[in-house]
Amino acid sequence: MPGFAQANDLQAWQQLQSHHSELGKNIVLKEYFEEDPQRFERFSRTFHNEADKSETLFDFSKNFITDETLKLLVQLAKEAKLEELRDDMFAGKKINFTENRAVYHVALRNVTNQPMEVDGKSVVEGVNEVLEHMKEFSEQVRSGKWKGYTGKKMNTIVNIGIGGSDLGPVMVSEALKPYGDRNLKLHFVSNIDGTHMAEALRDSDPETTLFLVASKTFTTAETTTNANTAKNWFLGHAKEASHIAKHFVALSTNEEEVTKFGIDKKNMFGFSDWVGGRYSVWSAIGLSVCLFIGFDNFHEFLAGAHSMDKHFKETPLEENIPVLGGLLSVWYSDFFGAQTHLVSP
Ligand SMILES: O=P(O)(O)OC[C@H]1O[C@@H](O)[C@@H](O)[C@@H](O)[C@@H]1O
C-alpha cells in the first residue's frame, strides 16, 4: 500500500506554486472566455448515471484555471498516488492507517453485489441483511403496521445524533424532501444545549414518536445525554420500560452499549467500523432518510452513488468528476488561501 506523501514535497506542488504566481491575482474569466470559445466544452464533463440513465453536467469552466492548471493538478494527484489509494480503498485495504481500518462506505451502496471483502471476508451479505431490516422496518412504520405503546401509528421521527450521525441525514432528507412523506414530522437533535431536544419534544406526542439513537460508537456524550433525556421524557408518559421497544431504535456498531441503554438488539441496525462517520448516511445511520422517503427511494439513492463510485473507479483522472472537484478544492484552499468553496446547482 502506498503511504501518504506530504503534498507540498511533491514536484507538481512546487510547479503549481510558480504557476499560481505567474497567473497573478487578477484573473478575468470574461477574457478567458473571449480568448477561447471552446472553454466551456473543454472544462465540463458529463456524468452518465447508470442507475436511472440520467445525466449530470459538471461545469467547471468558470473557475480560475487554464489548461496548464488542470495538467498540473492531475499530475499532483498522480504524484500523490491517488489512483493507487483509490484502488486500495475499493479493494478493502486499510488505508485509514491511523485507526488501521478499511475505508469502505462504497460497500454500503454496492447494489449490484460485486464481491467486496475486508480481511478476506465478504461484507456483501452483512450489508444486504441490514438493508433488508431497514426495508422491513421502514415499511412497517410508514404503513402503520408498527404501532406505538397505545396502538397508534408513528407520525414523528426524532433522530438523535451528532457529526456524521446527524449532518448526512439532515442534508439528504432536506435535499430529497420532494420524495418525503409529508405526514411524517422529522426532527434532528444534535446539540447538547437542552433547548434543541426541548423544542423537538414540544412538537412530539410520546404515543406516536419514534426515536432513532444514531451513534457509531454509542459513547458520544452529546448523543447519550440527549437520548437519556428522550428516554426519561418518554417513560414519564409511558411508565413501563417494556414500551421502549416500540419507540426507540439504535443505529450503531456497538451492541453492548445499545443493550445497556435499554434498546433491544433486535431493534438495532448495525454497521461496521470501516464506515467513517462522515460517510455513514449510506449505512443504517440513513434510517431517518429511509423512513422519510421510503425504502425504494432510499435504494435509488444508493444506486446513484454506486454509479458514481464506478465512474470514480474507472475514469481517467482528467475526466473524473469527483477527482476534478477535489483538485479544485486543493487549488483554492491551498494556493488561493480560500476558506470556502461554493458548489452550486
Ligand atoms: O456516531 P458517533 O460515534 O456518535 O460519532 C459522532 C461524530 O463524532 C465526531 O467526533 C466525529 O468522530 C464524527 O465523524 C462522528 O460522526
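Whatever order the structure lists ligands and atoms in, that order sets their numbers, starting from 1. It should be emphasised that the depicted structure is a prediction, and the values quoted were computed from it without experimental measurement. We use all heavy atoms of the structure for the numbers below, so side chains are in, but hydrogens, waters and symmetry mates are not.
With respect to Arg142 and Glu139, no salt bridge is recorded, no charged nitrogen being found less than 4.0 Å from a carboxylate O. For the pair Lys78 and Glu318, the salt-bridge criterion is met [side-chain N within less than 4.0 Å of a carboxylate O]. Between Lys121 and Glu117 there is no salt bridge, since none of the side-chain N atoms of the basic residue sits less than 4.0 Å from a carboxylate O of the acidic one. Between Lys94 and Asp119, at least one side-chain nitrogen of the basic residue sits less than 4.0 Å from a carboxylate oxygen of the acidic one, meeting the salt-bridge criterion.
Note on residues 254-264: pairs passing salt bridge (charged side-chain N to carboxylate O under 4.0 Å, His left out), not counting sequence neighbours, are Glu255-Lys265, Glu257-Lys260, Asp264-Lys266.
Between the side chain of Thr223 and the main chain of Thr219, no donor-acceptor pair closer than 3.5 Å is present.
Listed by chain and number, Ile162, Gly163, Gly164, Ser165, Ser215, Lys216, Thr217, Thr220, Gly277 each place a non-hydrogen atom less than 4.0 angstrom from ligand 1.
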